[in-house]
Amino acid sequence: MVETKIWQVDRTERHLENNPMIIEAAEILRQNDVVAFPTETVYGLGGNAKSDEAIQRIYTAKGRPSDNPLIVHVASKDQVDAICTDITPLARKLMNAFWPGPLTLVLPKRGDISTRVTAGLSTVAVRMPNDPIARAIISVANLPIAAPSANLSGKPSPTLAKHVIEDLNGKIAGIVDGGATGVGVESTVLDCTTTPFTILRPGGISKEQLIDVVGLVSDDPALTRTDQTPKAPGMKYKHYAPKALMYMVPKGKETIQALVNHDKEHGQRVGVLTTDENVHRYLNADVVISCGERAQLSTVAHQLYQTLREFDEANVDVIYSETFPDEGIGQAIMNRLSKAAAGRIIE
Ligand code: TXA
Ligand code: MG
């Protein structure tokens, strides 16, 4: 056990790069130790991407399999050229359109980072986050910062500092608490070494937004077929699984209510994952949690992981979840729900 420092920082503060807590966190990163901080998607656990020692600490703290590579975070476009090569004009176009923001690009790797970051691959994933705290820490540290989501491997990604404390207190040097993250699901991971570019993980930037800029993108076949091996090593893990058995129920309210009634008769503790529009319509369930407004899917993405953690605390045996349209941010929401449910769906 180490003592984990917790710093409260207001992300709206001006000149965050002069804030003594940001400077202390950045100094710890320069010493090759690890700290968690908010990004616009989820909290990340940062470490010096050039240091084998720092990267090892990240894998150890999370209990992460060493074959699952990390995303390198930068604060400026200049930093990117030191990390990757062969950046095509089309990849540059995406950087100009969406950075800083929730888009990770997989590009051919250059030598300047620890081989552990990329788990031996010849490519590296990079992104420029759009959270003022993340950007201040990275620029003060003046290093490329590898940062996976700051959860224990297999738990939902943290969207509040509280979640990072639950998972990593005593295992890391510090946590910058900047309040709730915005997007709530991770960045989109886009492989730019294929033609057309391939979505390896749907996330904060939608497929439609990418198509607007580059014309054509494909989906990794593993996103829709279970007999394919995903190209992003992290996507093959069962991730985000709540303790209860979860089922997606695309048919909606009446079917969910019938399932609840049946399970209650059999003495089960039952949870329903729903939306503001439907939260008052379920009877007899032990826990009914809304994860946002169906009419505005960004609110669902924002609260999804927190909702999954709440179900764990509620100790239910089974969770029935409404489903969402597979478009816009809905693609990322459905991808995460389907992982949480391990693909279980009641047609
Ligand atoms: O929003 C995010 O991306 C958050 C915040 C903290 O920035 N980070 C995050 O990192 O989600 P992580 O490590 O939890 O997920 C990284 C994903 C994994 O699925 C990993 O396998 C994939 O990106 N990945 C990393 N490098 C790759 C590479 N060179 N080729 C293919 N996939 C890669
Ligand atoms: Mg993760």
Side-chain angles (χ1 to χ4, degrees), residues 34-47 49 55 58-59 61-75 83-84 98-110 113-131 133-135 137-138 144-159 163-164 167-168 176 178 181-194 197-205 220 222-223 229-241 301 305 329 332 335-336 339:
V34 295
V35 293
F37 53 81
T39 78
E40 79 280 31
T41 55
V42 300
Y43 275 76
L45 177 60
I55 301 312
I58 291 177
Y59 281 98
K62 282 182 59 83
R64 181 177 177 110
S66 59
D67 69 343
N68 188 5
L70 309 178
I71 297 172
V72 179
H73 294 62
V74 296
I83 299 167
C84 22
F98 298 115
W99 282 7
L103 177 66
T104 295
L105 304 179
V106 173
L107 292 159
K109 174 190 165 163
R110 216 183 168 109
I113 48 172
S114 163
T115 52
R116 293 191 189 179
V117 168
T118 51
L121 296 177
S122 60
T123 54
V124 59
V126 277
R127 87 172 187 101
M128 188 193 295
N130 186 24
D131 181 284
I133 294 176
R135 300 186 66 198
I137 291 175
I138 300 165
I145 299 296
S149 48
N151 51 286
L152 284 176
S153 212
K155 294 270 280 203
S157 294
T159 54
H163 305 152
V164 184
D167 283 12
L168 299 177
V176 181
T181 61
V183 180
V185 294
E186 301 87 341
S187 63
T188 303
V189 178
L190 187 71
D191 185 354
C192 299
T193 68
T194 58
F197 296 166
T198 310
I199 297 177
L200 304 184
R201 176 179 74 180
I205 298 291
D220 186 344
L223 290 177
T229 305
K231 203 167 167 193
M235 296 295 282
K236 71 174 179 279
Y237 296 106
K238 191 182 97 180
H239 273 171
Y240 325 120
Y305 287 144
I329 191 77
N335 172 267
R336 305 309 191 268
K339 280 180 171 289

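The first residue of the sequence shown is numbered 1, and numbering continues consecutively from there. Ligands are counted one by one from 1 in listed order, and the atoms in each one are counted from 1 as well.
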Nearest non-hydrogen atom to [atom] belongs to which of [options]?
{"atom": "atom 23 (O) of ligand 1", "options": "L45, V126, V189, D131", "result": "V189"}
{"atom": "atom 15 (O) of ligand 1", "options": "R127, R201, K109", "result": "R201"}
{"atom": "atom 26 (N) of ligand 1", "options": "S157, P69, P65", "result": "P69"}
{"atom": "atom 7 (O) of ligand 1", "options": "E186, H73, R64, K62", "result": "H73"}
{"atom": "atom 14 (O) of ligand 1", "options": "S149, P230, P102, P129", "result": "S149"}

Side chains of [X] and [Y]: do they bring a donor and an acceptor to under 3.5 Å?
{"X": "T123", "Y": "K109", "result": "no"}
{"X": "S187", "Y": "T104", "result": "yes"}
{"X": "S157", "Y": "R336", "result": "no"}

Problem set entry | Check: Y43 N/O within less than 3.5 Å of ligand 1 N/O |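 No; every N/O pair is 3.5 Å or more apart.
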
Counting only heavy atoms, which portion of [X] has something under 4.0 Å from ligand 1: side chain, backbone, both, or neither?
{"X": "E40", "answer": "neither"}
{"X": "T123", "answer": "both"}
{"X": "T118", "answer": "neither"}

Evaluate the side-chain proximity of [Y] to [X]: yes if any heavy-atom separation is below 4.5 Å, no if none is.
{"X": "T181", "Y": "T41", "result": "no"}
{"X": "E186", "Y": "R201", "result": "yes"}
{"X": "D191", "Y": "K231", "result": "yes"}
{"X": "V124", "Y": "V106", "result": "no"}

For this session: Number the atoms of ligand 1 from 1 as they appear, then name those within less than 4.0 Å of a heavy atom of K231, with their elements.
Result: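 Going through ligand 1 atom by atom, the ones under 4.0 Å from K231 are 31 (C).
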
